[in-house]
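Scroll down for the structure; my scribbles are underneath it.
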Number of protein chains: 2
Amino acid sequence: MTGKQFSSVWMREPRPARTPGRSREEIVRAAMELLDAEGLDGLSMRKLGAKLDAGATSLYWYVANKHELLELVYDEIWGEMTVPPPEETKWWRQTARAFALSMREVILRHPWSAGLIGRTPALGPNALEVAGRLSRAFKGAGFRGLEIDYAASTLTAFVLGTTIPEVAYNEAMAEDPLDEESMRAAVERASAGHPDLLERLRESKPADTTEVREMMFAFGLAAVLDGLEARLTT
Amino acid sequence: MTGKQFSSVWMREPRPARTPGRSREEIVRAAMELLDAEGLDGLSMRKLGAKLDAGATSLYWYVANKHELLELVYDEIWGEMTVPPPEETKWWRQTARAFALSMREVILRHPWSAGLIGRTPALGPNALEVAGRLSRAFKGAGFRGLEIDYAASTLTAFVLGTTIPEVAYNEAMAEDPLDEESMRAAVERASAGHPDLLERLRESKPADTTEVREMMFAFGLAAVLDGLEARLTT
DNA sequence: ACCTGAACACCGTTCAAGT
DNA sequence: ACCTGAACACCGTTCAAGT
């Protein structure tokens with residue numbers, strides 16, 4: 001809408017790391033700590049400055065703006081995901097599965113990443129490394145041309161689309177297990193006119209939400225992999 | 001982390017709509033206009049107040065806080081999605097497909113919804129209506145018990161996970177087609193060390209990104225539906 | 001080369017006060 | 001019952017000035 005130019009940290013030459021003062025790595029590390037502790041809304045340039053014993057605006061020497069900082073921490077997330085190299089796995093499904101589990105695990109471990117992933121262009125070195133490995137895995141599986149990308153995107157889309165709501169649910173619960181009961185009651189009340197929904201609500205006891213989510217992930221993942229495999233033989 | 005209580009508009013009795021002054025509907029409508037025009041960041045209580053010729057803080061009489069307002073507009077999004085009733089379709093795949101296309105279309109039409117969907121508990125009447133219809137569709141397909149939910153969730157996860165990055169890409173481009181070329185160049189430069197990625201980059205010409213995305217969606221959707229169908233026969 | 005503080009233009013939200 | 005304005009505690013970012 002606004003005629004803003006597209007820009008990204010990855011398109012600018014980084015400032016040569018002379019390292020007398022602060023460094024980008026140090027800043028990114030501190031930012032991740034803040035994010036893990038206080039979430040996406042808890043990260044402000046001022047707080048981050050304070051954490052580094054720096055003036056509120058010193059960071060602007062290392063980073064053009066907050067968005068760039070987020071691009072940097074975002075790439076760290078991709079760095080924590082594992083895509084086993086093809087030699088280590090027997091077939092592509094194993095690689096794909098391992099990646100999917102790892103991606104979900106990383107997002108759940110850094111819930112703030114759910115607000116970044118998919119919303120920030122993934123052009124950092126770690127993100128590209130993952131994309132490259134995934135690409136090779138699906139090529140090895142037998143996909144050709146653009147379908148290599150389609151297959152990889154389908155897999156990550158599933159993980160993303162499953163995990164974001166999981167994080168949202170966790171945050172809504174805000175670590176207050178007492179509340180689960182009250183929310184449940186509210187959902188049940190809201191579902192009053194929907195017998196199909198109520199029926200299922202009653203099947204899962206409050207305690208097993210974690211388990212239910214794991215089953216749902218396994219179910220969906222198997223479906224996605226089956227579906228991709230089907231595309232391979234036709 | 002903070003011991004916040006879970007709360008939602010849908011759990012509070014709405015204020016009786018006496019309608020001398022403003023009404024919730026009016027506010028929600030204005031909020032959506034603002035959102036469509038200026039995006040998620042463009043919506044502020046002050047701006048919305050101004051748009052309604054009201055003091056900046058008048059809205060707090062109708063809505064507990066901004067989050068509640070967002071829950072309200074969020075449910076409107078679900079209201080725009082269509083799930084054809086089973087009588088109208090020949091089999092469940094047709095229903096599922098129609099819903100998936102509709103969901104994607106709605107999100108692309110209201111890009112700001114990408115920042116809400118999956119991140120806000122979907123407990124509004126429209127969201128529940130969609131969930132109920134989807135539930136019936138997958139039940140009709142032959143799924144049983146919790147698998148009805150798993151199947152529906154897998155489908156929406158795919159749509160969500162595919163569409164969020166699409167929106168992100170659109171926003172990054174910010175309507176400036178000139179930039180597409182420059183971004184492409186940057187991506188290519190960044191991908192220098194990844195021959196597999198470069199190979200594919202060159203296959204798709206700048207102009208066809210829309211088309212490529214549509215193909216990718218069709219590909220992934222077919223895979224997901226095949227995968228779900230496979231779960232049905234075993 | 002690096003860091004600072006003041007300043008600007010914003011936020012969401014509370015609350016006493018008005019009609 | 002509804003609306004207001006002032007006030008509070010925040011934001012991101014710019015920029016002239018310091019060392």
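- Note on A:Ala56: nothing from the nucleic acid sits closer than 4.0 angstrom, heavy atoms only.
- Taking CD from B:Glu33 and CZ from B:Arg29, the interatomic distance works out to 7.5 Å, rounded to the nearest 0.5 Å.
- If you measure from atom NE2 of B:His67 to atom C1' of C:dT13, you get 15 Å, rounded to the nearest angstrom.
- One can place CG of B:Asn65 at 14 Å from P of C:dC15, the figure rounded to the nearest angstrom.
- The aromatic rings of B:Trp112 and B:His110 are tilted relative to each other, their planes meeting at an angle between 30° and 60°.
- The distance from atom CD of A:Glu26 to atom C1' of C:dC2 is 14 Å, rounded to the nearest whole Å.
- Counting distance only, with no hydrogens placed and no angle test, the side-chain atoms of B:Thr57 and the base atoms of C:dG12 include no donor-acceptor pair under 3.5 Å.
- Between the CG atom of B:Asp41 and the P atom of D:dT13 there is a distance of 11 Å, rounded to whole Å.
- Where A:Asp53 and A:Arg46 each meet DNA chain C at their nearest nucleotide, the meeting point lying more 5' is that of A:Asp53.
- Applying the Watson-Crick and G-U wobble criteria (two distances, each under 3.5 Å), D:dA16 pairs with C:dT4.
- Taking the six-membered ring for Trp, B:Tyr150 and A:Phe217 have ring centres at least 6.0 Å apart.
- Residue contacts for A:Leu43: at a heavy-atom cut-off of 4.0 Å it reaches the sugar-phosphate backbone alone, with no base atom in range.
- Atom CD1 of A:Ile27 and atom C1' of C:dC2 are 11 Å apart (whole Å).
- With hydrogens and angles left out, the side-chain atoms of B:Ser135 and A:Arg200 include a donor and acceptor closer than 3.5 Å.
- The distance from atom CG of B:Leu123 to atom OH of B:Tyr74, rounded to the nearest 0.5 Å, is 9.0 Å.
- The separation between B:Met45 atom CE and D:dA6 atom P is 19 Å, rounded to whole Å.
- For D:dG12, the base has no donor-acceptor partner in the side chain of A:Ser44 [N/O atoms by modelled type, under 3.5 angstrom].
- With rounding to whole Å, A:Tyr60 atom OH is found 11 Å from D:dC11 atom P.
- Among the heavy atoms of the strands, none lies under 4.0 Å from A:Leu59.
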